[in-house]
Amino acid sequence: MPELPEVETTRRKIEPLLRGRVIASVEHDAPHKYRDTHLAVGRRVQGLSRRGKYLMLQLASADAAEDDLHDLEFIVHLGMTGGFRLDSGPHTRVTLTLEPDGAGDSQQLFFHDPRRFGKMAVVRPGEYAGMPTLAAMGPEPLSEDFIEGDFVRLAREAGAVKPWLLSQKPVSGVGNIYADESLWQAQIHPAQTRLTAAEGQRLYTAIREVMAQAVDAGGSSLGNGVGNYRQHDGLSGLFQHEHHVYGRAGQPCPRCGTDIVKTVLAQRGTHFCPKCQVFEERPRS
DNA sequence: ACAAGATCCTGAACGC
DNA sequence: TGCGTTCAGGATCTTG
């Protein structure tokens with residue numbers, strides 16, 4: 001469920017609750033999904049960062065100064081349905097308890113994850129063996145590391161463009177919703193292979209624009225389904241109101257009025273405009 | 001090397 | 001109302 005905009009929104013919202021606090025306990029079952037969390041106990045959260053759809057809490061010793069380097073990373077992946085909440089509930093999978101800070105701030109944060117696809121692990125900084133997607137993560141779409149020329153060059157050799165984006169290798173953080181939205185904006189068919197330079201440039205720009213707008217809107221919250229993304233305080237994102245194709249099968253394309261089509265590509269629901277996004281056969285030469 | 005499929009899970013929505 | 005089927009925003013491992 002959560003893609004870059006939802007994970008970034010989560011980061012911004014929970015960082016003030018965690019920064020500077022010492023972790024008193026991390027309680028959960030299913031240790032294979034939440035690895036080495038005991039290493040976080042007694043450590044201070046120096047800050048929260050994000051890579052693609054992964055959140056990482058920087059941990060240092062409890063007596064570390066504010067600007068000391070962290071020596072552990074507490075990595076969180078929200079999976080399809082994970083999110084942090086201020087209250088526990090039937091789908092609470094992990095309970096994070098903080099040492100009192102004397103300011104009366106909340107002492108617990110609950111990781112809620114109905115489908116249990118979320119994962120956590122405490123590792124030494126940068127040690128991402130066992131997390132191949134994170135280890136091979138492409139550049140952040142909203143950073144200076146995301147370079148148009150590099151992206152266009154890679155896209156010329158790529159297979160079907162949507163699965164290629166979902167691999168997280170050409171660029172990080174793009175999931176099913178934002179892949180469909182970016183491809184619609186760039187007017188490229190989701191199954192198109194071997195993008196032209198013009199297509200690659202349009203897609204590069206579209207990804208940056210769509211991601212920036214979605215982050216500004218606090219991400220997308222969809223329907224009432226099990227995977228409905230919510231912020232820790234129960235608030236919804238607003239970007240679902242800006243969707244042009246995702247979840248709009250049978251409704252008119254905002255650009256040309258043709259009915260939006262939904263198909264399945266790489267086992268993912270895929271929405272596009274059959275008139276604006278035309279597939280062209282481009283065999284490997 | 002790459003693509004396609006199966007797998008991990010649960011619950012909401014839909015059809016009969 | 002009740003039951004079975006289908007579907008869901010992701011990552012990863014196996015198979016071809």
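Order of the sequence lines fixes the chain letters, A, B, ..., with proteins taken first and strands second; residue numbering starts at 1 for each chain.
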Options [options], nucleotide nearest the side-chain atoms of [X]:
X: A:K262; options: C:dC7, C:dA11, B:dT10; result: C:dC7
X: A:R116; options: B:dT10, C:dA11, C:dG9; result: B:dT10
X: A:Y246; options: B:dC9, C:dG9, C:dA11; result: C:dG9

What's the [atom1]-[atom2] distance between [X] and [N], to the nearest Å?
X: A:E6; N: C:dA8; atom1: CD; atom2: C1'; value: 14 Å
X: A:D113; N: B:dG11; atom1: CG; atom2: C1'; value: 13 Å
X: A:L265; N: C:dG10; atom1: CG; atom2: C1'; value: 15 Å
X: A:K119; N: B:dC9; atom1: NZ; atom2: P; value: 11 Å
X: A:R268; N: C:dG9; atom1: CZ; atom2: P; value: 5 Å
X: A:Q168; N: C:dG9; atom1: CD; atom2: C1'; value: 12 Å
X: A:K33; N: C:dA11; atom1: NZ; atom2: C1'; value: 11 Å
X: A:H91; N: C:dA8; atom1: NE2; atom2: P; value: 19 Å

Look at the rings of A:F279 and A:H189 and say which category their plane angle falls in: under 30° parallel, 30 to 60° tilted, over 60° perpendicular.
-> perpendicular
Return the orientation label for the A:W164 and A:F151 ring planes: parallel under 30°, perpendicular over 60°, tilted otherwise.
-> tilted
Basic-acidic side-chain contact under 4.0 Å: [X], [Y]:
X: A:D113; Y: A:R116; answer: no
X: A:K53; Y: A:E3; answer: no
X: A:D71; Y: A:R43; answer: yes

Whether [X] contacts [N] is assessed here as follows: a side-chain N or O lying under 4.0 Å from the phosphate OP1 or OP2. Is that the case?
X: A:K53; N: C:dG10; answer: yes
X: A:R115; N: C:dA8; answer: no
X: A:H77; N: C:dA11; answer: yes

Determine, step by step, whether A:L78 and A:F84 satisfy the side chain to side chain contact (heavy atoms under 4.5 Å, CB included) criterion, reporting the C-alpha distance in whole Å, the side-chain angles of both residues, the deciding distance to 0.1 Å, and the verdict.
-> CA-CA 9 Å; A:L78 304 179; A:F84 288 96; 4.3 Å; yes
Contact class for [X] vs. all strands (heavy atom < 4.0 Å): base, sugar-phosphate, or nothing?
X: A:Y54; result: sugar-phosphate
X: A:P163; result: nothing
X: A:Q267; result: base

Ring centres under 6.0 angstrom apart (A:Y178, A:F239) | yes
With ring centroids as reference points, do A:F146 and A:Y204 lie under 6.0 angstrom apart?
-> yes
Sticking with atom [atom1], work out how far [N] lies from [M], rounded to a whole angstrom.
N: C:dG9; M: B:dA3; atom1: C1'; answer: 22 Å
N: B:dG11; M: C:dA11; atom1: P; answer: 22 Å
N: B:dG5; M: C:dC7; atom1: P; answer: 15 Å

Ring centroids of A:F117 and C:dG10 base under 5.5 Å with planes under 30° | yes
Just need the stems in DNA chain C: three or more back-to-back Watson-Crick or G-U pairs, each with both distances under 3.5 angstrom, sorted by first number.
-> B:2-8 with C:10-16, B:10-16 with C:2-8
